Amino acid sequence: MFPLVKLLPVEPNIDFMKWARLAFIASSVAMLVSIVAVFTLGLNFGIDFKGGTLIEIRTQGPADIAALRKKIGALKLGSFELQEFGNPRDVLIRVESTGDEQAQQEVVRKVKKALGPGVEYRRVEVVGPKVSGELARDGVIAVLMALAGVMLYIWFRFEWQFAVGAVAALVHDVTITIGIFAFTRLEFNLSIIAALLTIVGYSLNDTVVVYDRVRENMRKFKKTPLPQVINKSINQMLSRTILTSVSTLVALISLYVLGGEVLRGFTFTMIWGVIIGTYSSIVIAAPLLIWLNARLVDTEEPREGAKVHP
Amino acid sequence: MFRITWLKTLFILGAVLLGALFALPNVLPPHVRDSLHALLPDKPIVLGLDLQGGSHLVWEVDKEDLRKNLVNQLKGDVRLRLWTERKIRHRITVNKDGSLTVTITDPNKVEEAAKALKELAQPVQVGLFGAGGSAPEVEVRREGNTFILRYTEAGIENRVKSAVEQAIEVIRRRLDELGMTEATIQQQGFDRIIVQAPGVKDPDMLKQAVGQTARLTFQLLCDVQPTGAQGERPPPGCVALPDEKDPNRIYWVKTSRRATVEGADLVDAQPSFDGQTGEPVVTFRFNQKGALKFARLTQANVGKPFAIILDGKVVSAPVIQTPILGGTGQISGRFTVEETRVMSAVLRSGALPAKLVVVEERTVGPSLGSDSIRAGITASVVALVGVLIFMVLFYGVFGVIADIALIANLVMLLGILTAFQATLTLPGIAGIVLTLGMAVDSNVLVYERVREEYRAGRSAINALEVGFSRAFGTILDANITTFIAAVVLYGLGSGPVRGFAVTLGVGIITTVFTAYTLTRFLVALWVWKKRPKTLPIASEAKA
């Protein structure tokens, strides 16, 4: 039994290609649904992207949310939200941005006055409409730049088909993750963009590892048809993929449970990202190579059977 | 490849020890830290505002307000030049686009007016370090007997630039007054200022201090000055004000409106040198209203001292040498160049050129900060223990090797972050935890490859050798892609997110380093000791 890795077969010989078609359909549907959801339901943007005020307070006893709601409602600040945050004493107050920067400064003052003494202000964040617009733009640019950067790198290291396949898998991961945010109404803020970029990094890590093996096997088994080469490669890398994902999940789940409320959205996204990233590199990125008809343009070694005629 | 050389061993152990040395101050209590030998690194890691509590504020120069002020100033300047100095009758209208239409109603003096208005078109430097040459600050267009004056884009840009410089000077001064010497102030982009003030619970004080304009006045000194005797009182119509640098030095200053010129009428102040003596001086310029008042005040009081007062403190008390009629003058007083620079900034700050607007504010209270640290540490420790156990369960002795490498990796990561005094934020801690989980990937890649090679029929030692060398390319490729994401993240970075990118990026470097050196070294050590014939991680389903 010990060590447990003995139980993991080195090459389990699962026919992934059989599932690839099904996975393609499922993933395409999920992506489509995600895109529709983002456009119809929209995302629950945090103040980073929407502008507004966020105040985290700690009351002396368990917070009376109804009373707090009444007090803040009386200020007529426009639309606002109250939410218990991690424990009964902590409350998150979100006030939507209504006016310019000056008006927002008033919001914090008014809320503080209305709540009176005896309330501890753990966090106050005010993002003006100008800054939030810039943050949103920068976030989109960052994700696109990351995609372009890795595409270039893979193109440089492999062939263009690998670059396209990897980026398609990343677009898949990012789209579905954003889709989840549309459905769950979880707050979408700057740290989620950071998580998305990390997912890009992680998922790619997985994809590259599989691709690396695909390339190696393509060189080794030149006569074998591509689907079989790819299937063999996935099988060979399966135990690694599982072990690394589990170890990463162990760390992330610890962070999710113990890392505090502030990080929860971020960690949730990461956990989801590890799962979908692993899935996509196995059944999306690798099989895509077949569609793209990946071939190696190797100059290093002469192809089998190549002869020079005088 | 599994030869163990002394040089390599020393290098690997040295790197890990160096990391440990720099990481050490983080776990030592402060009094032990202070008693360390001077040569040892004694600085712990810098905590971000989200962990130690504090306020992050971003101000922006209100450009609309600046434009409005500039137009008013230009109007005043035109009046001063045409009417006050030359008695040329004219009419000024302010246009919607911020330009001025000046109509000369005195047909005989149009040429003279043209000459006077041309003086307003002072050139300013354009582009970075004046690389774009110079362009006029104000554009003057003539149409018969009317003139259209307008600030050029270069002119406005120039004013925004100096407004930001000025505002930074004001903020620095204010923060010093409030005793917030730990606060950092920096310019962001073109027209923004970031202030990071650790330990500030209530940023309102900060906002007020920065938002309010410094009050600058020029006031005549009283005829009698304190002698330092006990129980002295200023004569009627006078008030006692302390010297800015030396609070024990008291001036008696006249308070009447007639003896006072408001600094709000000051348009500009610059460090400069006296044309004749070459000593450092501060030159200043008033608007029309201020110029008139200042002319009257100085004309009537030649030879007497007057005080330059900023926020109730006497900055300097020079003697009026000659009447100052044109609204410009200079302050001399055996200043150093540095002093004239600071003073002109202070003078300019007396008349903040435009409103500053808070565009972003993030304040974290100390309780949330310490909660976050505690949660972060707990999560990191549990994650570490979890991954350590996981690796031992799955790989046995090879898991122990991976665990040693992981711990060394963490120590070096912490050491590098501390040595470079990078700021650790809560997302930064998340980055460390993520590194923890992902770092073992390099070990897993190697071990799985070794298993394959062994299964393919290689001997144990040979499988290990080949496994290492073949997995390394994959490790590098896999990590570089994550590194690219981290670099992009750093570029996007604002504060906390940047902290995440830094730990993730540094974590990748230490991961690749330990995989390539330490893990291999430890495995080599194991091989050397055990001379294994079989591998403990070989699949039982061996073909």
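All values derive from a computational prediction rather than experimental measurement. Every chain is numbered from 1, with letters handed out A, B, ... down the list of sequences.
Using a 4.5 Å cut-off on side-chain heavy atoms (C-beta onward), A/L243 and B/Y395 make contact.
Using a 4.5 Å cut-off between heavy atoms, B/L384 makes no contact with chain A at all. The part of B/E448 that comes within reach of chain A is its side chain, from C-beta onward, which places non-hydrogen atoms under 4.5 angstrom from that chain. Contact annotation for A/E120: only side-chain heavy atoms (C-beta onward) come within less than 4.5 Å of a heavy atom of chain B. Using a 4.5 Å cut-off between heavy atoms, B/I377 makes no contact with chain A at all. When heavy atoms are compared at a cutoff of 4.5 Å, B/V392 approaches chain A by way of both its backbone and its side chain. If you measure heavy-atom distances from B/V387 to chain A, the contacts under 4.5 Å come from both the backbone and the side chain. Contacts of B/I484 with chain A are made by side-chain atoms alone, with heavy-atom separations under 4.5 Å and no backbone atom involved. Interface remark: B/V382 contributes backbone and side-chain atoms alike to the contact with chain A (heavy atom separation under 4.5 Å). Both the backbone and the side chain of B/D441 come within less than 4.5 Å of a heavy atom of chain A. A/F156 does not touch chain B: none of its heavy atoms, backbone or side chain, sits under 4.5 Å away. Of the atoms belonging to B/R374, not a single heavy atom falls under 4.5 Å from chain A. Only the side chain of A/T198 comes within less than 4.5 Å of a heavy atom in chain B; its backbone stays farther off. Heavy atoms of A/Y121 lying under 4.5 Å from chain B belong exclusively to its backbone. If you measure heavy-atom distances from A/Q104 to chain B, you find no contacts under 4.5 Å at all. Only the side chain of B/F390 comes within less than 4.5 Å of a heavy atom of chain A; its backbone N, CA, C and O stay farther away. In this structure, the portion of A/R157 lying under 4.5 Å from any heavy atom of chain B is its side chain and not its backbone.
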Please report the C-alpha distance between A/R123 and B/D50 in whole Å, then the side-chain angles of each, then the deciding distance to 0.1 Å, and finally whether the salt bridge (Lys or Arg N to Asp or Glu O under 4.0 Å) criterion is met.
CA-CA 9 Å; A/R123 182 158 55 126; B/D50 58 342; over 6 Å; no
What verdict does the side chain to side chain contact (heavy atoms under 4.5 Å, CB included) test give for A/V126 and B/V358, after you've listed the backbone C-alpha separation in whole Å, the side-chain angles of each residue and the deciding distance to 0.1 Å?
CA-CA 9 Å; A/V126 183; B/V358 177; over 6 Å; no
Full working for side chain to side chain contact (heavy atoms under 4.5 Å, CB included) between B/L434 and A/L252
CA-CA 7 Å; B/L434 189 67; A/L252 284 174; 3.8 Å; yes
Start with the C-alpha gap between B/T363 and A/E125, add the side-chain angles, then the distance that decides, and say whether side chain to side chain donor-acceptor pair (under 3.5 Å) holds.
CA-CA 6 Å; B/T363 303; A/E125 292 182 3; over 6 Å; no
Would A/E56 and B/R362 count as a salt bridge (Lys or Arg N to Asp or Glu O under 4.0 Å) if you check the C-alpha gap in whole Å, the side-chain angles of each, and the deciding distance to 0.1 Å?
CA-CA 11 Å; A/E56 188 187 330; B/R362 294 177 198 262; over 6 Å; no
Assess the residue pair A/D212 and B/T474 against the criterion (side chain to side chain donor-acceptor pair (under 3.5 Å)); give the C-alpha distance rounded to whole Å, side-chain angles, the decisive distance to 0.1 Å, and a yes or no.
CA-CA 6 Å; A/D212 223 50; B/T474 312; 2.6 Å; yes
Kindly indicate, with the supporting measurements, whether the criterion side chain to side chain contact (heavy atoms under 4.5 Å, CB included) is fulfilled by A/R122 and B/D371.
CA-CA 10 Å; A/R122 278 162 69 84; B/D371 282 2; 2.9 Å; yes
Steps toward side chain to side chain contact (heavy atoms under 4.5 Å, CB included) verdict (A/V262, B/L426):
CA-CA 9 Å; A/V262 180; B/L426 184 58; 3.8 Å; yes
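Atoms CG and OG1, from B/L445 and A/T241 in turn, are 8.5 Å apart once rounded to the nearest 0.5 Å. Atom-to-atom distance recorded for A/Y202:OH and B/L504:CG is 12.5 Å, nearest 0.5 angstrom. To the nearest 0.5 Å, atoms CD1 (B/I480) and CD1 (A/I154) are separated by 11.5 Å. Note: A/E134 CD to B/R192 CZ = 4.0 Å, rounded to the nearest 0.5 Å. Rounded to the nearest 0.5 Å, atoms CG (A/L197) and OG1 (B/T482) are 12.0 Å apart. To the nearest 0.5 Å, atom CD of residue B/E452 and atom OG of residue A/S239 are 7.0 Å apart.
Chain A forms the most heavy-atom pairs under 4.5 Å with one residue out of B/G386, B/G53, B/A430, B/G376, and that residue is B/A430. No other option in A/K112, A/R213, A/E11, A/R58 has as many heavy-atom pairs under 4.5 Å with chain B as A/R213. Of the listed residues A/I193, A/L263, A/L249, the one with more heavy-atom pairs under 4.5 angstrom with chain B than any other is A/L263. Highest contact tally toward chain A, considering only B/S367, B/A485, B/A439, is held by B/S367 [criterion: heavy-atom pairs under 4.5 Å]. Of the listed residues (B/P536, B/S372, B/P203), the greatest number of heavy-atom pairs within a distance under 4.5 Å of chain A belongs to B/P536.
Counting non-hydrogen atoms of neighbouring residues, nucleotides and ligands closer than 6.0 angstrom, the CH2 atom of A/W155 reaches no more than 12 such neighbours. B/F483 CZ: 12 or fewer foreign heavy atoms inside a 6.0 Å radius.
Between A/E216 and B/R449 there is a salt bridge, with a side-chain nitrogen of the basic residue lying less than 4.0 Å from a carboxylate oxygen of the acidic one.
Between A/P3 and B/I537, the shortest heavy-atom distance links the atoms CG-CG2, 4.5 Å. Shown here for A/K6 and B/A538, the closest heavy-atom pair between the two residues is CG-O, 3.3 Å. Between A/S254 and B/A379, the shortest heavy-atom contact is OG-O, 2.7 Å. Across A/A142 and B/V488, no two heavy atoms sit closer than the pair O-CG1, 3.2 Å. A pairwise comparison of heavy atoms in B/M438 and A/T248 identifies CG-OG1, 3.7 Å as the closest pair.
Distance alone, capped at 3.5 Å, is enough to place a donor-acceptor pair between the A/S247 side chain and the B/G437 backbone. Checking side-chain atoms of B/R451 against main-chain N and O of A/V5 turns up a donor-acceptor pair under 3.5 Å.
Residues B/D477 and A/Y211 bring no donor and acceptor atom of their side chains to less than 3.5 Å of each other.
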